[in-house]
Structures are given as structure tokens and as C-alpha cells.
Amino acid sequence: MRIEQIRQRLRAAGAKPVHEQRVLRLWAQALPQDSGRRRPEDFLPLELRETLPALADELRGLARLRSQHPGEDGSARLLVELADGQTVESVLLPREGLCVSTQLGCAVGCVFCMTGRSGLLRQLGSAEIVAQVALARAQRTVKKVVFMGMGEPAHNLDNVLEAIELLGTAGGIGHKNLVFSTVGDARVFERLPQGPVKPALALSLHSTRAELRAKLLPRAPRIAPEELVELGERYALATGYPIQYQWTLIDGVNDGDEELEGIVRLLHGKYALMNMIPYNSVPELEFRRPSWERAAEIARRLHRRGVLTKLRQSAGQDVDAGCGQLRAREIRLHPRPAPAGTAGG
């Protein structure tokens with residue numbers, strides 16, 4: 001389901017724009033539809049009031065909690081069941097953040113990621129993306145949403161931007177606290193500056209060497225790291241938000257001196273933040289995370305060379321719940337057929 005479909009149904013039930021925004025605001029903020037100082041019977045048309053209970057039930061059914069896995073760091077991995085019975089993952093992050101999924105599976109096929117091993121099964125509708133936020137907000141305060149879960153947001157651009165627009169308006173989330181994460185796609189740099197809500201941008205870099213990056217991200221657009229950084233810098237200067245560069249630090253793969261020199265060459269003097277995230281080891285994959293001491297040394301060296309660097313833990317390390325792992329375990333325990341239809345949205 002897309003947000004525009006919800007709007008059309010509300011209009012068909014007699015909703016004016018002000019009524020429409022009220023319904024969407026209360027849903028996106030996980031508040032009951034009879035919330036607020038004004039009673040629905042004093043404000044909403046009769047036909048709309050009669051429609052709302054069934055619509056509210058349907059919206060709740062877009063994303064239901066299948067299981068929750070708390071981490072010692074204050075995070076919690078959520079396995080979320082969609083209306084068709086398929087599952088995606090969301091992560092409640094420390095400091096009132098939330099990571100949401102944008103696709104069921106992923107077509108990029110990053111070799112170190114569990115999500116991409118199944119390929120792309122289908123797109124998530126914009127309403128399914130917002131429904132993950134509403135589900136999380138029913139449990140705790142959410143003031144920041146990052147689109148870094150299952151899927152590549154650039155491959156589901158219309159739905160993701162529609163969700164971002166609602167969350168940045170009726171959803172009450174600051175624009176710089178909506179973080180669009182991508183491996184890099186020309187369409188992103190064309191579309192994001194045009195929208196009424198301009199999110200912060202996180203670019204998955206992972207290597208400064210084009211040939212290695214192509215191996216790590218085999219189906220990402222072939223944009224040279226230098227060009228990707230230049231495109232990111234233009235967006236950063238246009239919006240006033242620094243670009244967040246994501247770097248999954250993998251032992252013996254992209255943690256050597258050559259890469260550190262490449263990062264300094266590309267990012268020194270740029271309006272940028274480097275997020276170094278030690279790899280979350282997965283038994284099914286051959287890659288390993290470097291020691292914390294090694295990761296800290298890399299961050300210190302980059303700092304000394306003028307690159308603002310944050311060393312981050314992947315949320316949920318202690319519950320073995322890297323992105324895609326919860327869903328993979330669920331499928332092993334409860335196999336189900338792939339959704340009908342094509343992967344296109």
C-alpha cells in the first residue's frame with residue numbers, strides 16, 4: 001500500500017485536506033484516531049468517521065511485531081511481519097533513532113550482507129515504510145529515522161521519497177533526522193534536491209578503490225569513488241547537512257594503509273563525516289570483523305589527518321542480529337513461498 005492510496009480512500013470518504021492530514025499525522029505518530037482536543041464527531045465528516053475504524057485496523061496490519069530482540073546497548077532488533085506474511089527488519093536505536101527497511105530483499109548483492117543473498121523479492125510500499133515507524137513509536141519515542149535496513153532505497157525511490165515527505169511533515173521528524181542511505185545512484189542526486197523534504201544523505205563507500213568496491217558491491221552503479229564524493233559534496237553544500245560516508249570495516253579487506261590514504265585524499269576538507277562500522281560477523285559468510293583496537297587506531301589516524309571519523313558499533317551485536325540475520329533465521333525455522341508477482345514496484 002502507498003500513502004497516495006490512503007489519501008484517495010480518505011477523499012472518497014469525504015475528507016478535506018485538513019481531515020486527511022489529521023488522519024495521517026495521528027497514524028504516523030502512533031496516536032489513536034480520537035486523539036486531540038477536538039472530538040472526531042465535532043470535526044470529521046460522518047462517512048469518514050464510519051470508515052476510520054476499519055482503515056485504522058488495516059494500517060496497523062501493514063506492520064506487526066513478529067519478535068523483538070533487545071541488545072545490551074539499548075537497541076532492539078524487530079522482526080516485522082507485513083500484511084502478506086513476509087518479514088522485514090527494523091532496529092530501535094539508542095538515542096531515539098530507528099532504522100527501517102525499504103525493500104524485501106535487495107538487488108545490490110553486497111558480498112558481506114545477508115539481505116542481498118536472497119535477491120530482491122519485492123518493493124515495500126510507502127505506507128509499509130511509514131508503518132514501521134508507527135509500530136516503533138508505539139513502543140518508544142522516535143525522533144530520527146534512517147533508511148539503512150533491508151534494501152537499497154535508490155531502487156525504490158518513489159516509495160521512499162513519499163514516506164520521507166510524510167515523515168518530515170505530518171510525522172513531525174526534522175528533515176536532517178531523516179537519513180537516506182544509498183550505495184550511490186544518479187537518480188538520487190537528481191531527485192533528492194527537488195523534494196519538499198530534503199533528507200540527510202549517507203553514502204555507502206566501503207572502499208576508495210573502484211575495482212575493490214565493484215567486488216564488494218557487485219550490482220551497484222559504476223560510479224567512481226571520486227565522483228561519488230563530488231556528488232555528495234554538492235548535496236551537502238546545498239542542504240547544509242554533512243554527508244555521512246558509511247564504511248563497513250572488514251578485517252584484511254578494506255582496513256589497510258592504502259585505503260586510509262585513499263580516505264584522506266577523498267574526504268580531507270570535505271563537508272563530511274566518516275562512519276566506521278566494524279563488520280558484524282555472520283557464520284554463513286567468510287568475512288571477519290577487525291579487533292576493536294585496530295578499528296580505534298584507524299579512526300584515530302583519520303582524525304589526525306583531518307577526516308572527522310566516528311567509530312560505531314552495529315546495533316544488536318550481542319544478539320547476533322546483523323541486518324538480514326533475523327529474517328534468515330525465521331525463514332530457516334518457518335519456510336514460506338516467495339511473494340507472487342515480480343520484484344518491480
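Model, not experiment: these values are computed from the prediction.
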Applying a strict under-4.5 Å side-chain criterion to I, L, V, M, F, W and Y, I'd like to know whether [X] and [Y] cluster together.
{"X": "Leu266", "Y": "Leu308", "result": "no"}
{"X": "Leu311", "Y": "Leu273", "result": "no"}
{"X": "Trp27", "Y": "Leu52", "result": "yes"}

Pairing residues for Arg305 by the salt bridge (Lys or Arg N to Asp or Glu O under 4.0 Å) criterion, not counting sequence neighbours: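 Listed in chain order: Glu261.
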Indicate whether any N or O donor in one side chain lies under 3.5 Å from an N or O acceptor in the other, for [X] and [Y].
{"X": "Gln246", "Y": "Arg312", "result": "no"}
{"X": "Glu81", "Y": "Thr87", "result": "no"}
{"X": "Thr208", "Y": "Glu259", "result": "yes"}
{"X": "Arg289", "Y": "Asn280", "result": "no"}

Are Glu128 and Arg2 side-chain neighbours, meaning at least one heavy-atom pair lies under 4.5 Å?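 Not in contact.
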Any side-chain heavy-atom pair of Gln29 and Val133 under 4.5 Å: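 Of all side-chain heavy-atom pairs linking Val133 with Gln29, none is under 4.5 Å.
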Please name the pair of heavy atoms, one in [X] and one in [Y], separated by the smallest distance, quoted to 0.1 Å.
{"X": "Ser181", "Y": "Ser204", "answer": "OG-OG, 4.0 Å"}
{"X": "Ala63", "Y": "Gln132", "answer": "CB-N, 4.1 Å"}
{"X": "Ala154", "Y": "Arg187", "answer": "O-NH2, 3.6 Å"}
{"X": "Leu285", "Y": "Cys113", "answer": "CD1-N, 4.0 Å"}
{"X": "Gly14", "Y": "Pro45", "answer": "O-CG, 3.4 Å"}
{"X": "Asp185", "Y": "His155", "answer": "OD2-CD2, 4.2 Å"}

If you measure from [atom1] on [X] to [atom2] on [Y], what distance do you get to the nearest 0.5 Å?
{"X": "Glu162", "Y": "Asn156", "atom1": "CD", "atom2": "CG", "value": "10.0 Å"}
{"X": "Leu55", "Y": "Glu50", "atom1": "CG", "atom2": "CD", "value": "14.0 Å"}
{"X": "Met276", "Y": "Trp247", "atom1": "CE", "atom2": "CH2", "value": "5.5 Å"}
{"X": "His19", "Y": "Leu48", "atom1": "NE2", "atom2": "CG", "value": "7.5 Å"}
{"X": "Leu231", "Y": "Leu203", "atom1": "CG", "atom2": "CG", "value": "8.5 Å"}

Between the side chain of [X] and the main-chain N/O of [Y], is any donor-acceptor distance below 3.5 Å?
{"X": "Gln33", "Y": "Val23", "answer": "yes"}
{"X": "Asp42", "Y": "Arg38", "answer": "no"}
{"X": "Glu233", "Y": "Tyr271", "answer": "yes"}
{"X": "Ser101", "Y": "Glu89", "answer": "yes"}
{"X": "Arg222", "Y": "Ala220", "answer": "yes"}
{"X": "Glu152", "Y": "Val183", "answer": "yes"}

Ring centre gap for Tyr241 and His175 strictly below 6.0 Å: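 When the ring centroids of Tyr241 and His175 are compared, they turn out to be at least 6.0 Å apart.
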The single option from Leu166, Val145, Ile164, Val197 passing side-chain contact (heavy atoms from CB on, under 4.5 Å) against Ile173: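 Of the listed options, the one satisfying the test is Val145.
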